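Everything below concerns the one structure shown next.
Bear in mind that the values here come from a model prediction, so they are computed numbers and not experimental data. Numbering of ligands and ligand atoms starts at 1, following listing order.
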Amino acid sequence: MGEVKQVGIVGGGVIGSAWAARLLINGIDVALYDPGDGIESRFAEVLENALRAYRRMTLAPTAATGRIRFVDSLEAAVSEVDFVQESGPERMDVKQALMKEICRHTGAGVIVASSSSGLLPSAMQAGVDHPERIIVGHPFNPVYLMPLVEIVGGRQTTEKTCNTAAGFYRRIGMHPLIVRKEVEAFLADRMMEALWREALHLLNEGVATADELDQAICYGPGIRWAFMGSFLTFRIAGGEGGMRHFMGQFGPALKWPWTRFDGPDLTEELLDRIVEQSDEQAAGRSILELERMRDDCIVSILQGLRANHTAAGQVLAGYEEKLYQRSHRSEFSCEDDLSRPLRLHRDIVRPEWVDYNNHMTESRYLHVFGDASDALFRYIGVNEEYHQSGMSYYTVETHMNNLREVEAHQKIEVTTQVLGSDRKRLRIYHEMFRCEDNRLLASAEQMLLHVNTLEGRACPAREEVAERVRILAEAHSRLEQPARAGRSIRL
Ligand SMILES: NC(=O)c1ccc[n+]([C@@H]2O[C@H](COP(=O)([O-])OP(=O)(O)OC[C@H]3O[C@@H](n4cnc5c(N)ncnc54)[C@H](O)[C@@H]3O)[C@@H](O)[C@H]2O)c1
């Protein structure tokens, strides 16, 4: 399978729509088939939620949004694509019929993934053409934000299929987890199901209400689960004695009646209680309100984890690094033309950057210059690995001149000139142009300080970075000094 440029989605419900949103945001075109009504308007809502969440989650330049085609047959959705994500109803007879038809209309090299939450891929392989390319790619809701995707191969799936699919999912910002053995409900849903069954028993027996059971998760273990599963948590709980000590202490409880595996019978009375308590808990909030609250909280957690370089935060950091690399020329080369200012950063004025004056608002000029400085950092080798080693540049002073307005959707480009440097300091000068007519929009002069972020003090740049800065500064010293550099504000 070459680079995936277009994906076919079969079934555009909760999961299929959110897959489509994630793919479009990553610049991949989508062909979507769903026989139901109102798919386009439902998808528009999901995409709006997803774009809103990404705007909050990252400043990294996401790809130009891909295009979506709503098609009226399964064949039209899958016949010209590079990857298929089946997201129809969770019934084995439906999945089997869909898989047969999908595989009939796709080339042998096209991977066909099912979003199934728990059905076995081996059963979906029965009677299809080239079953070796079938997997389950089980995502989590909301698919556009949650990084985990469980990859499960069936008996006839090749290892290559699983690895190729993992590479593709990684590219769109996800964390693929290849499940070693084919089991129903895979890993995460099995664990969630065990908790869910116990919760229903506790509700059924009147031990706690729906809301109290949710409190028992949200205020306690749920906070930890975003970065530590049961094993690491319990290891710490064992203190210096570690896991052996923990198991010695709590091992006997495994034989006590602390939990059950069969869920309670879903009697009418129990169903009524669940629904009633769930309505109370929602307290009149709409699904859209709850979705946005959920998305905002996931974004905050991902950002918090990113700052701690852990779990899903590492996935976010790696994803952002790829976005930056894709949008900037990231690597310095001695072959580069250094006889003029660098052109490392291009962008488009987003509609949300525009204020009541109908043009890009003041703070976004600084934002764009900040992105241009980031592009320069990557160019000289200050990347994710460099940051993780506890080194970075901080901006300590900026002087901006706003010269012209720029409207939404216009393309802009920033040039960057190095005005001076030593091992700890870097003085740079940016100019922002409108691509359409090459008019100068703004300029910014910045002093950047190289810091040890762990110790919170200035320190010399690492040798390879310092060398690139030195070469750049030397080359740019032959350029004309910009007229606006070094200016101060006066009447
Ligand atoms: N909802 C979740 O939290 C979740 C999470 C992970 C995985 N999944 C899995 O994703 C899949 C889809 O679940 P969902 O929650 O989006 O369900 P859904 O009911 O919201 O969507 C299913 C969609 O499939 C469409 N459909 C029905 N027959 C079809 C056909 N023959 N061809 C194409 N489309 C058809 C329906 O019109 C509907 O829009 C299931 O396999 C489910 O187990 C769901």
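Salt-bridge formation is not detected for the pair Lys411/Asp347: no Lys NZ or Arg NE/NH1/NH2 atom is positioned less than 4.0 Å from an Asp or Glu carboxylate oxygen. With respect to the salt-bridge test (charged N to carboxylate O, under 4.0 angstrom), the residues Arg260 and Glu205 qualify. The pair Asp82-Lys5 does not count as a salt bridge, with every side-chain nitrogen at least 4.0 angstrom from each carboxylate oxygen.
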What pairs of donor and acceptor atoms, side-chain ones from residues 71-78 against any protein atom, are under 3.5 angstrom apart with sequence neighbours left out?
residue, atom, partner, partner atom, Å
Ser73, OG, Ala76, N, 3.0

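The proximity of Arg42 to ligand 1, defined as any non-hydrogen pair under 4.0 Å, is limited to the side chain. Looking at Val14 against ligand 1, both its backbone and its side chain come within 4.0 Å, counting heavy atoms. Contact annotation for Leu74 and ligand 1: no heavy atom of the residue comes within less than 4.0 Å of the ligand.
Summarising the contacts of atom 40 (C) of ligand 1 with Gly12, Gly88, Gly36, the nearest heavy atom is found in Gly88.
Where the criterion is an N or O separation shorter than 3.5 Å, residue side chain and backbone included, His138 fails it with respect to ligand 1. Among the atoms of Ile15, some N or O lies under 3.5 angstrom from an N or O of ligand 1. Note: no N/O pair closer than 3.5 Å links Tyr33 and ligand 1 by distance alone.
Every heavy atom of Glu86 sits 4.0 Å or more from the atoms of ligand 1.
Closest approach of Val136 and Met124 over heavy atoms only: CG2-CE, 4.0 Å.
Within the structure, the ring pair (Phe, Tyr, Trp, His ring centres under 6.0 Å) test picks out the following pairs touching residues 17-41 (sequence neighbours left out): Trp19-Tyr169.
Taking every non-hydrogen atom of Lys95 and a distance limit under 4.0 Å, the qualifying atoms of ligand 1 come out as 40 (C), 41 (O). Distances below 4.0 Å separate heavy atoms of Asn141 from the following atoms of ligand 1: 3 (O).
Atom 17 (O) of ligand 1 is not flagged as protein-proximal [any protein heavy atom, distance under 4.0 Å].
With hydrogens left out, the protein atom closest to atom 9 (C) of ligand 1 is Ser115 O, 3.3 Å, a heavy atom.
Counting only distance, with no hydrogens or angles, the side chain of Arg133 and the backbone of Thr161 share no donor-acceptor pair below 3.5 Å.
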